[in-house]
Amino acid sequence: MLEKIASILSIGFLILGVACGGESDSADTTSTNDGLNDTASFVWPEPPDELLAFVTTVTGKVYVLNTKDGGVINQIDAAPASIHGVGVMEGQRTIYVPTFEGVDKVSFSSDMTTFDVTKSFALQKPPLMLSLSPDRTMIATGSSEPAFWSVGEGKQFASFMRTDTDELVGELEFDSPARISFSPDSKFAYVVQQNSSEIPVVNLETMSVEKTLNNKVLEAAFPECDALAASMTAEDSCTPGAQELEPEGCTLCRCKADNTWYCSLVTPGHGAVRSSDGLFCVVNLTRESITCMAPDDPESQWVIETPGDFPHDLHFDPVTGYLWFQSMQRIPIAADEQGNTEIPCAITVYNVETREVLKRMEWDYGLWHVSLAPDNKAYASGSFHTVVVYDRQTYEKVEEVRDGLGTVGAPQPIMEIDF
């Protein structure tokens with residue numbers, strides 16, 4: 001049986017200060033549109049007899065989770081901290097995992113109890129995110145942290161590896177490659193950057209930038225801080241971890257009404273592509289919005305406004321075409337371990353055709369990422385090693401899973417979940 005957690009009582013130390021935790025007793029599921037019958041007309045596939053979930057964490061571990069009973073079958077410890085994503089091949093017995101040096105190809109035994117590293121790719125920069133093309137022939141990595149702080153010093157790279165030949169086919173230099181999504185036909189990669197409104201489109205056959213999309217929401221200057229907040233000294237600022245930043249022009253800061261400023265990035269962290277028609281959407285974290293466009297007609301952009309919410313992670317449902325996204329009510333602050341676990345968050349289901357919210361699942365302590373699985377469920381991950389499972393047809397919460405995913409009292413968050 002999956003472990004059911006009624007409440008989460010303890011808040012401890014969080015390694016990177018980035019987390020959303022468990023459900024509050026007062027949390028409830030609300031919606032703009034009742035939406036419970038919206039999925040009835042869709043043809044839902046039969047769930048697979050076996051489904052494993054590969055869970056990445058802020059501490060660099062990769063857990064192999066049995067979705068049938070919530071048990072952890074195995075784990076890999078060789079990854080960098082705060083990694084986002086692994087590449088799972090057909091049959092779920094081979095995965096590609098970020099490491100401190102690059103990417104490892106890991107092959108499991110049939111019962112998943114043992115594994116071997118069968119190929120290693122040395123990259124110019126350690127990857128912090130990894131994604132797999134829809135046809136599973138291309139692995140892409142980005143060296144920029146897809147979250148809220150500095151992308152690190154020096155050059156940043158998006159790296160591409162073929163899974164059919166196990167070759168490193170390209171490393172392209174970009175400003176801050178934080179998330180890479182693929183076109184439905186797996187011919188193009190969209191490199192979403194943290195520090196730029198530009199989204200380079202890589203032709204995966206020629207391994208070159210074919211064109212560049214521009215997220216218009218990010219073209220305008222970031223709103224200036226008010227005079228008092230902008231003149232704060234390091235001692236006056238109550239933002240932990242941000243004392244060395246200068247709020248000039250607010251390019252890295254967001255001001256609050258109480259004259260505090262929070263360290264954040266202006267530009268997006270994640271992108272998603274709708275598999276049915278190639279609609280591309282990307283979050284505008286500090287602009288409280290999501291930009292959507294057709295890559296073939298990038299001038300026809302439109303925006304999903306999320307006032308009061310900072311959208312962070314998003315995915316299109318391959319069955320319904322609905323957009324699922326995670327958002328939070330304030331931006332996490334570096335080194336504010338306890339405060340970050342208390343950020344209210346929500347998982348929202350959005351109909352991009354009618355442009356309305358179908359369901360919004362609110363949590364006082366939130367959930368950090370959301371993934372859509374072949375068993376017709378959504379897996380949302382948060383602090384305290386918690387995974388919350390939703391039914392994608394009814395939007396009802398099915399289970400909370402935490403069996404073997406780390407110390408119960410430790411607030412470290414689960415990052416992405418791949419299938």
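Hydrogens, waters and symmetry mates play no part in the numbers below; they use all other heavy atoms, side chains included. Please read all numbers here as calculations on a predicted model, not as lab measurements.
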May I ask you to test the [X]-[Y] pair for a side-chain heavy-atom distance under 4.5 Å?
| X | Y | result |
| --- | --- | --- |
| P98 | T141 | no |
| C281 | L314 | yes |
| Q92 | F108 | no |
| M207 | V202 | yes |
| K377 | P47 | no |
| D309 | R360 | yes |
| M361 | K397 | no |
| T39 | Y322 | yes |

* Hey, can you tell me if H385 and Y63 have their rings parallel, tilted or perpendicular (30° and 60° cut-offs)? => perpendicular

* When the ring planes of Y379 and F419 are compared, do they come out parallel, tilted or perpendicular, using 30° and 60° as the limits? -> tilted

For [X] versus [Y], what's the shortest heavy-atom pair and its separation?
| X | Y | result |
| --- | --- | --- |
| N74 | T113 | ND2-O, 3.0 Å |
| S186 | P134 | OG-CD, 3.2 Å |
| F160 | L168 | O-CD1, 3.4 Å |
| V117 | D104 | CG1-CG, 3.7 Å |

Mark yes or no for whether [X], through its side chain, and [Y], through its backbone, hold a donor-acceptor pair below 3.5 Å.
| X | Y | result |
| --- | --- | --- |
| D313 | V370 | yes |
| N376 | P45 | yes |
| T306 | S289 | yes |
| Q301 | N214 | yes |
| T94 | M89 | no |
| S181 | V273 | no |
| Q326 | C345 | no |

As an exercise, state the distance from [atom1] of [X] to [atom2] of [Y], rounded to the nearest 0.5 Å.
| X | Y | atom1 | atom2 | result |
| --- | --- | --- | --- | --- |
| E362 | I347 | CD | CD1 | 11.5 Å |
| I199 | T212 | CD1 | OG1 | 9.5 Å |
| L123 | K125 | CG | NZ | 11.5 Å |

* **Criterion side chain to side chain contact (heavy atoms under 4.5 Å, CB included) on E416 and L130, from CA distance to verdict** => CA-CA 10 Å; E416 290 196 11; L130 184 150; over 6 Å; no

* Option among K187, E210, K211 that satisfies the side-chain hydrogen bond (donor to acceptor under 3.5 Å, both in side chains) test with N203 ->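 That would be E210; it is the only one of K187, E210, K211 passing the side-chain hydrogen bond (donor to acceptor under 3.5 Å, both in side chains) with N203.
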
